[in-house]
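Read through the structure below, which is laid out as structure tokens, and then see the notes.
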Protein chains: 2
Amino acid sequence: MSAEKVTIAVVAKRAGVSKGLVSFALNNRPGVGAETRLRILQVAQDLGWEPSLRARSLSTQRSFALGLVIARNPDVLASDPFFPSFIAGVESILAAERRALVLSVVPDEATELQTYRSLVADGRVDGVFLSDLRHNDARIPLLTELGLPAVTLGRPDGDSPFPAVTVDDTPGVTASVRYLADLGHRRIAHVAGSQNLLHGIRRREAFAAAMTAAGLPEGQTVETDFSVGAGSDATRRLLGQAIRPTAIVYANDPMAIAGLGVAHELGIRVPDDLSITGFDDIDFCRYVYPPLTTVSAAPAVWGRAAATTLLRLMENGRADDVDLPAARLIIRGSAAPPARP
Amino acid sequence: MSAEKVTIAVVAKRAGVSKGLVSFALNNRPGVGAETRLRILQVAQDLGWEPSLRARSLSTQRSFALGLVIARNPDVLASDPFFPSFIAGVESILAAERRALVLSVVPDEATELQTYRSLVADGRVDGVFLSDLRHNDARIPLLTELGLPAVTLGRPDGDSPFPAVTVDDTPGVTASVRYLADLGHRRIAHVAGSQNLLHGIRRREAFAAAMTAAGLPEGQTVETDFSVGAGSDATRRLLGQAIRPTAIVYANDPMAIAGLGVAHELGIRVPDDLSITGFDDIDFCRYVYPPLTTVSAAPAVWGRAAATTLLRLMENGRADDVDLPAARLIIRGSAAPPARP
DNA sequence: ATAGTTAGCTAAACCGGTTCAGTAGGCGGG
DNA sequence: CCCGCCTACTGAACCGGTTTAGCTAACTAT
């Protein structure tokens, strides 16, 4: 019988109006009589009509989807729960708007740029999230050139036409150092993240500044790529020295957990012989032994804020920067006063 | 000048043929003269023409995208690197095909089903991956009804019209139990995953069967939801007993790592006083102390195979099941012969 | 020589919306 | 009473591809 597919034309005929008017009524635009509008909407509902996203896409040149491109070393990606949580936050906003999230995971930066080009060429997305900002990030001029709306996760270090949704890392690092200094530590080291990434750089800078502010000698810093393995190696190097640090501030939790493992292996007791702090407050922190003192980051909240901002930008052509509550120190059991020599 | 947008019509005019013929040439269909075809392709290339995905979508009723809907407790999602790795595998196949991955993360099963309906109603995807299979999974009849091609990750327990891409968990669990039994353990417990999930059920069944096969008494089993916190609680319960197990087989690594933490906290030495094994071989395993004996799963390989199979299904209307190499035991340092009482 | 194929190609319909120019009718102002 | 203007609405073009019916010319078979 009525196996006929319901299109705007069917609705129009049934309501006794033109296709155009149905379109106007649907997108509640002016120029439609009040009762006509109601009749149209009623008919649409009766027929169970849902406008075709594809047709809409073609005529409006929009895709009703947002994009996220992740360029990370697979190891780092796998052990860092940032993205799953962030994405869950993003989705909680998008679902209500009936928009989709297009995700790309790529192996390197060159592919990443190429992926943005493809996404735009294919009109897959109407806007994107820029995560893992880098120094002089090539994506910013690229996206500007491509004319694709974007939101940066954190403030980039150069000029950027895009709104930034930021969680400031500095206070968390500062608080960690101060906390350790107050406990009496003087030789505090830092296992830094990748210095290609802005948050890696900023955490290291915050560490250095906090050491100075605490009146301590410059702390030893080891650069890593944020991976668990690199965290382990860095810890081994730090602890293998004749004079070793009494505390280590890690740039993320996975590395701190790896550090915990190395300490155990070397028979160095945490927190008695060595204090450590992490960054991110991943789930594991609460459950390793001793539980990890770390800095909370709330990636899901970040995801919601980023999605909201990006939608606003696309809607209004502009959106203000958003500063989320800074990450703060969560004190657990992995730090204590240094042992007396 | 030629700021004009390049469409098929422009290419057609420039090549002196009709739009239709350009389309034929592009999709290399018969009915186009050899040199005409070359000329058309040459013109297309000269003009840098890329057919519009949106227009194609509308006329072919396809979206050139695949979907993945994840319904997981945020805690579990965050600590389990399965999806990031799986997705990386999927993407490595999709990128070459110029298809996109649409990802949805939803809070519960009801929303999950609704999400599949939306994806189909909006024509967002041409096929989907079904992960985290459940007993009598409602998604299978739903997708059958919706007519959406799908691939299941693992073999479902009921009838399914979809190809299954499987990594058999059983041998890994069996090997773990056998390994522990060979070391001399008799009281082996199992911290099982969610019994709503097929892999949770199968690992538990494999555990029970392996215990019997090894001639051991039925092992104690605690059910969890696969989360780190639940793994911690379960461990605490097992170790708080008067007569406690000498070994614990965990249904996944995050719980095993939590178990390691609990043991440390209680002053129970691993592996001297307690042996443990995990499942999945996540990155952390190598770096906790002692390094975790576990079962490897290779989610990225799984992702590639699943994507390949799904594409084949969509192409040919059918695809065979794929059985990937079974997960195998990786022996590290978290198990040893039981202490003499 | 004539009818029947077939390869190569064109024109137009189609996918299902949006948008814009234009028309008819109603109303207020002069 | 006429003009102008606004509101409600229609018809057609448009987005940019795919697909189908049908035409022509050349080639084969009889």
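Here the structure is a predicted model, which is why all the values come from computation and not from measurement. Side chains are part of it too, since the values below use all heavy atoms of this structure and drop only hydrogens, waters and symmetry mates. Lettering of chains follows the sequences in order, A, B, ..., and the numbering in each one begins at 1.
Taking a 6.0 Å sphere around CZ of A:Arg37, one finds it holds more than 12 heavy atoms contributed by other residues, nucleotides or ligands.
When each of D:dC9, D:dT18, D:dG17 is scored by its nearest atom to the side-chain atoms of B:Thr60, the top-ranked nucleotide is D:dT18.
Rounded to whole angstrom, the span from the CZ atom of B:Arg54 across to the C1' atom of D:dC14 amounts to 15 Å. Computed from coordinates, the A:Ile8 CD1 to D:dC14 C1' distance equals 14 Å when rounded to whole Å.
Side chain of B:Trp302 to main chain of B:Val165: a donor-acceptor pair is present (N/O by atom type, distance under 3.5 Å, no hydrogens or angles).
Counting any heavy atom pair closer than 4.0 Å across all strands shown, B:Gly20 reaches a base atom. B:Gly16 comes within 4.0 angstrom of the backbone, heavy atoms only, and of no base. Using a 4.0 Å heavy-atom distance criterion, A:Ser57 is classed as making no nucleic acid contact. Using a 4.0 Å heavy-atom distance criterion, A:Thr7 is classed as a sugar-phosphate-only contact. If you check every strand for non-hydrogen atoms under 4.0 Å, A:Ser52 touches sugar and phosphate atoms only. Backbone-only contact: B:Val17 has heavy atoms under 4.0 Å from sugar-phosphate atoms and none from a base.
Both A:Pro30 and B:Phe24 sit near DNA chain D, but only A:Pro30 has its closest nucleotide nearer the 5' end. Along DNA chain C, the nucleotide nearest B:Gln61 and the nucleotide nearest B:Val32 are compared for position; the residue whose nucleotide lies closer to the 5' end is B:Val32. Heavy-atom nearest nucleotides on DNA chain C were determined for A:Arg29 and for B:Gly31, and the one closer to the 5' end corresponds to B:Gly31.
Using a 4.0 Å cut-off between a side-chain N of Lys or Arg and a carboxylate O of Asp or Glu, A:Arg139 and A:Glu109 do not qualify as a salt bridge. Salt-bridge check for B:Asp323 with B:Arg155: passed, with a basic side-chain N closer than 4.0 Å to an acidic carboxylate O. Between B:Asp80 and B:Arg72, at least one side-chain N (NZ, or NE/NH1/NH2) sits under 4.0 Å from a carboxylate O, which counts as a salt bridge. Salt bridge status for A:Asp46 with A:Arg39: absent, with no side-chain N to carboxylate O gap under 4.0 Å. Salt bridge status for A:Arg134 with A:Glu112: present, with a side-chain N to carboxylate O gap under 4.0 Å.
Counting 5' to 3', DNA chain C first comes under 4.0 angstrom of a heavy atom of chain B and last does so at the ends given by C:dG8 to C:dG16.
Partner of A:Ile40 under the side-chain contact (heavy atoms from CB on, under 4.5 Å) criterion, chosen from A:Thr36, A:Val43, A:Leu38: A:Thr36.
In this model, no side-chain donor or acceptor of A:Lys19 finds a partner on the base of D:dG11 within 3.5 Å.
Note that A:Arg99 lies outside the cation-pi zone of A:Phe64, set by a 6.0 Å cut-off to the ring centre and a 45° limit from the axis.
The overall bend of the helix from C:dA1-D:dT30 to C:dG30-D:dC1, read as the angle between its terminal helix axes built from five base pairs each, is 50° when rounded to 10 degrees.
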